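Down below is the structure, laid out as structure tokens.
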Amino acid sequence: MRIGGNGVQDYQSILQMLQRLNGKKKTSSTDIFGMLGTKTSGSGSASDMVEVVPGFFCKNDPRIIANFRKNFDEDGDLYNSHGIAGMDITGKDPSEWHKIVDVSEEGRQSMFDMVKREFIQEKGIANGDTTQRSEVFAAYQRSIPKQDRLTATWTLGQYERQYNKAMYEAVRASNPNWQPGMDFDESVLSGITRESVEARIVQTGSDSLGLRSIDCMA
């Protein structure tokens, strides 16, 4: 599984390749990494398989090896569907990457702009078919070192939630009867800026952010 990418789709493509190479009709997606990291035995000799990257094996065929290596970076880390390494959370405890860390102003601004644009466009409803959030996350991930990507992506996701909450509160304040999906006066959000929202954002735990109510602001 990866953060900021279509991990299921990635795994399925790897799974299909492994099924062809191993002659298996059925293999659980949970077995993929076990198969890749298991040395050959019984059905194949050492000369039949080659370790492409540490712990990952495939058939010893130059064409297969070349194609298989495209799934990894120079350090042997899997790429996600956006071609970004460092986003694989397989076998990792969430506490390793569920952390609040610094996120660049540019990254936060891109996320804020996307949230505001799509909140207006979709009338407050999260639309998985039209959202550009994956592209925003991917662009930010490419801008930072690989080792920082998981924690920084988690943090940016926390900012995304608070930006959405601020938009919702602003519209509801102007019309208490408003519900997501209903039309609203877009001018209500004209004064909502990233800076004004972030002035209300507080860290509520080692892995979470929250939004102070307007009444509680100094």
Side-chain angles (χ1 to χ4, degrees), residues 1-10 80-84 86-87 89 94-95 97-145 148-218:
M1 182 178 291
R2 301 166 181 79
I3 300 299
N6 191 341
V8 174
Q9 187 178 55
D10 291 342
N80 66 10
S81 59
H82 291 280
I84 302 170
M87 299 307 299
I89 62 173
S95 63
W97 49 279
H98 283 195
K99 301 176 182 179
I100 299 301
V101 296
D102 290 336
V103 174
S104 70
E105 183 174 348
E106 181 179 350
R108 301 197 315 271
Q109 188 65 54
S110 293
M111 179 60 73
F112 177 84
D113 292 341
M114 184 276 296
V115 168
K116 188 173 183 178
R117 180 178 65 253
E118 294 189 353
F119 191 96
I120 294 173
Q121 174 182 303
E122 305 298 335
K123 303 177 182 178
I125 294 179
N127 189 337
D129 294 329
T130 62
T131 184
Q132 297 296 305
R133 66 190 303 272
S134 292
E135 286 75 9
V136 172
F137 277 117
Y140 176 61
Q141 290 158 5
R142 292 190 184 95
S143 73
I144 59 178
D148 298 333
R149 288 171 181 166
L150 277 177
T151 52
T153 299
W154 171 263
T155 303
L156 186 58
Q158 290 288 309
Y159 276 102
E160 178 190 20
R161 292 179 62 185
Q162 304 316 313
Y163 297 152
N164 265 303
K165 185 176 180 180
M167 304 290 173
Y168 176 85
E169 289 181 351
V171 176
R172 287 277 290 182
S174 69
N175 179 7
N177 295 319
W178 179 82
Q179 294 295 331
M182 296 172 58
D183 290 327
F184 64 87
D185 182 0
E186 297 178 11
S187 66
V188 171
L189 299 180
S190 61
I192 304 296
T193 64
R194 177 180 59 81
E195 292 81 2
S196 68
V197 176
E198 290 184 0
R200 299 170 54 200
I201 292 178
V202 294
Q203 186 167 338
T204 55
S206 61
D207 62 348
S208 60
L209 297 175
L211 195 67
R212 290 185 300 175
S213 66
I214 296 178
D215 291 340
C216 292
M217 293 182 64

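Values below: every heavy atom of this structure, side chains too, minus hydrogens, waters and symmetry copies. Bear in mind the structure is a predicted one, so any value in this text is a computation, not a measurement.
Contact record, Thr155 with Leu209: O-CD1, 4.5 Å, taken as the closest heavy-atom pair. In terms of heavy-atom proximity, His82 sits nearest to Ser134 at NE2-CB, 3.8 Å. When every heavy atom of Asp102 is checked against every heavy atom of Tyr140, the shortest pair comes out as O-OH, 4.0 Å. Shown here for Ala152 and Val103, the closest heavy-atom pair between the two residues is O-CG2, 3.8 Å. The minimum heavy-atom distance linking Lys116 with Ile192 is given by the pair NZ-O, 2.9 Å. The minimum heavy-atom distance linking Val197 with Leu211 is given by the pair O-CD1, 3.9 Å.
Residues passing the side-chain contact (heavy atoms from CB on, under 4.5 Å) test with Gln121, sequence neighbours excluded: Thr130. Applying the salt bridge (Lys or Arg N to Asp or Glu O under 4.0 Å) test to Arg108 and every residue at least two apart in sequence or in another chain returns Glu198. Asn175 is linked by a side-chain hydrogen bond (donor to acceptor under 3.5 Å, both in side chains) to nothing, counting only residues two or more places apart in sequence or in another chain. Remark: Ser95 pairs with Asp93 by the side-chain contact (heavy atoms from CB on, under 4.5 Å) rule, at least two apart or across chains. Scored by the salt bridge (Lys or Arg N to Asp or Glu O under 4.0 Å) test, Glu105 finds Arg194 as partners (sequence neighbours excluded). By the side-chain hydrogen bond (donor to acceptor under 3.5 Å, both in side chains) test, Ser206 pairs with no residue at all, sequence neighbours left out. For the side-chain hydrogen bond (donor to acceptor under 3.5 Å, both in side chains) test, no residue two or more places apart in sequence or in another chain qualifies with Asp207. Remark: Ser143 pairs with no residue by the side-chain hydrogen bond (donor to acceptor under 3.5 Å, both in side chains) rule, at least two apart or across chains. Every residue two or more places apart in sequence or in another chain that forms a salt bridge (Lys or Arg N to Asp or Glu O under 4.0 Å) with Asp183 is listed here: Lys123. By the side-chain contact (heavy atoms from CB on, under 4.5 Å) test, Pro145 is found to be paired with Gln147, Asp148, residues two or more places apart in sequence or in another chain being considered.
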Verdict with supporting geometry, Met114 and Phe137, side chain to side chain contact (heavy atoms under 4.5 Å, CB included): CA-CA 11 Å; Met114 184 276 296; Phe137 277 117; over 6 Å; no
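Put simply, the side chain of Asn127 never gets that close to the backbone of Thr131: no donor and acceptor are under 3.5 Å apart. One N or O on the side chain of Gln203 and one on the backbone of Gly205 form a donor-acceptor pair closer than 3.5 Å. Checked by atom type and distance alone, the side chain of Thr153 never pairs as donor or acceptor with a backbone atom of Leu150 at under 3.5 Å.
Arg149 CZ to Ile84 CD1: the interatomic distance, rounded to the nearest 0.5 Å, is 6.0 Å. Rounded to the nearest 0.5 angstrom, Lys99 NZ and Thr151 OG1 are separated by 7.0 Å. To the nearest 0.5 Å, atom OG of residue Ser208 and atom CH2 of residue Trp154 are 8.5 Å apart. Taken from OG in Ser174 to CG in Leu189, the straight-line distance is 8.0 Å, to the nearest 0.5 Å. Here the OG1 atom belonging to Thr204 is positioned 13.0 Å from the CZ atom belonging to Arg212, to the nearest 0.5 angstrom. In this structure, His98 NE2 and Ile89 CD1 are separated by 7.0 Å, a value rounded to the nearest 0.5 Å.
Screening residues 181-207 for ring-ring contact (aromatic ring centres under 6.0 Å, His included), with sequence neighbours left out, gives Phe119-Phe184, Trp178-Phe184. Under the salt bridge (charged side-chain N to carboxylate O under 4.0 Å, His left out) criterion, the residue pairs touching residues 150-169 are Arg133-Glu160, Glu169-Arg200, with sequence neighbours excluded.
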